[in-house]
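Working notes, beginning with the structure itself.
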Amino acid sequence: MADTATRPRLATESLPVRIFLIGVTLIFLALFLGLPLASVFAEAFASGRGPYFEALKDPYTISAIKLTLLTAAVSVPLNVLFGLAAAWAIAKFDFWGKNLLLTLIDLPFAVSPVIAGMIFVLLLGKFSPLGGWLDAHQIKIIFAVPGIILATTFVTFPFVARELLPVMQAQGVEEEQAALVLGATGWQSFWRVTLPNIKWGLLYGVILCNARAMGEFGAVSVVSGKILGQTNTLPLQVEALNDDYNFVGAFAAASLLAMLGLVTLVIKSFVEWRTARNE
Amino acid sequence: MSIEIRGVSRNFGEFAALKDVSLLVETGELVALLGPSGSGKTTLLRIIAGLEYPTAGTILFHGEDAIRRDARSRQVGFVFQHYALFRHMTVFENIAFGLRVRPRALRPTKADIEARVMELLKLVQLEGLAQRFPSQLSGGQRQRVALARALAVEPKVLLLDEPFGALDARVRQELRSWLRRLHDELHITSVFVTHDQEEALEVADRVVVMNKGQIEQVGSPEDVYENPANPFVMNFLGSVNLFHARVHDGEAHIGPSTAPVTTAQDAATIGYVRPHELDILRSRNGGPTLEAVIKHIHAIGPTVRVELARRDNGELMEAELTRERFTELALKNGEQVHVKARKLQVFTEDYSI
């Protein structure tokens, strides 16, 4: 990118305009992002460091942290697999129903997470035919951990695929064809040619997918049943503590999620910087 | 290894990219597939490579059916138009790729691979650039890496898609003669696709002129240039002047000039003359000539192009003279001269350009 010194004078706005535009942006960011974030930590540490760490040692909170990590650990790899397969198929091949598949990938973005949760309850709940069968075979999905994982996977499905699609489409199929003519198997071509070319895009998708998987509230709140210590994820635990007027506990748990967000942003900026450098 | 193409057709939906094409490429030959875009030449090349399947027909490699073998096992080297180098690999890794992906039993040792890559880098004159990435190379260098990568697997057939299409004029000229020399050294059966007639005529042993999914003519460069089979080939292989003529008693008449034709039918036809086969004369000198007026003179380079208009009907034509001849005649704009065709081609087949 050209720096200010080399940029032609005519292409820049006058100083007052620049100060105004940048100022408005900064004030907006401070009010709507900085202030709430700061208040999360302020509230969490309102009674000092001791109560903060005490709140995090609450067995229900610890169980919520574990469940959240488990959910992400299952749904993120699943979505990496699905996302890779879908993006690979769409970008590298022509087939009937391609546009339909594209639309279906976006579906979780278009549908409200609460509705997504409702769909799973309707489909797999006790009073549906499928749910009845599952119930008869002692398989618990709704109001149990599998349901939470299912709902989270559904909601976070588009992230990896959507991140990979433009990268893969821009790269075309010539390198894979070259690998093929040189004698590589499909598997070799994927590991040696395709994957190295998309690794930063993939990492970016994984980070976003993970952030959303850990932070998902709506869909999970419908299917979880919110059993303390069993089916409460971290965002649900924040709500539960807040409803109990346990503000230090609620904000301490919330601060964990906020930190996850900050770490995600740092990794994301790093990946973006690497991607830009590689091009 | 020889390549035989037998009755190959390829349809993309309604569009017929290739219509019943047959061609034999002899072992060790360098053949150019020449044609305008959309003539099916690239499709044919990709079918030979196995990157595309024919709707009908078959391909034989050395007499054996190759259609049932996929691109992976056909042992062809393919140089893509935009090179398709692996962008995350160094030049060395790019060239070594084909050897590295071989099954363990057939894979050369690490030292052998390194020796082979170094040998190829020397062949394509890129020693010292082994550790560069494709993005750090010029277009001509990338082209040569792509060629080295294709040659690394010791292919029986080398296929090149518009090998010089994306390069600037100077580099293209250099690489052309270099490719010709390389082929003379290696003698590997090669087919390349081009839309540039100069490239095809200069580099290839034989030229296959294609149009609208069909082969118009196959022959040596001299053959297709001197004896084009039809107006399309004549027109595609260089600029040409068109004269409306009448066929009468087995002769085509253009003004006072005549040319023998095989058809006896009296009809209107078109005569074709290349600009360098038109001579300009100061006086009639007895022979049959056309009277014309000089409209414009382009006197740049070793030849001089003269634009003329016929006196009788105003049709424009172009003549190409050597500089010596031009100086000798001392032509000027607006002068009235006589034009004589040294060679006139008439195609009696009904054919439209």
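A, B, ... follow the sequence lines: proteins, then strands. Residue 1 opens every chain.
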At a 4.5 Å cut-off on heavy atoms, which part of [X] comes close to chain B: side chain, backbone, both, or neither?
X: A:Gln171; result: both
X: A:Gln188; result: side chain
X: A:Thr185; result: both

Derivation of the ring pair (Phe, Tyr, Trp, His ring centres under 6.0 Å) call for B:Phe80 and B:Phe78: CA-CA 6 Å; B:Phe80 290 81; B:Phe78 198 99; 4.7 Å; yes

Test: B:Arg149 cationic atom under 6.0 Å from B:Phe86 six-membered ring centre, within 45° of axis: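 Geometry flag: set, cation within 6.0 Å and 45°.
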
Under a 4.5 Å heavy-atom cut-off, does chain A meet the side chain of B:Leu159, its backbone, both or neither?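 The answer is neither part of B:Leu159.
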
Only one of B:Asp70, B:Val76, B:Val79, B:Val153 clears side chain to side chain contact (heavy atoms under 4.5 Å, CB included) with A:Val181; which?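 Checked B:Asp70, B:Val76, B:Val79, B:Val153 against A:Val181; only one passes side chain to side chain contact (heavy atoms under 4.5 Å, CB included): B:Val76.
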
Is a donor from one side chain sitting under 3.5 angstrom from an acceptor on the other, for A:Thr103 and A:Asp106? no

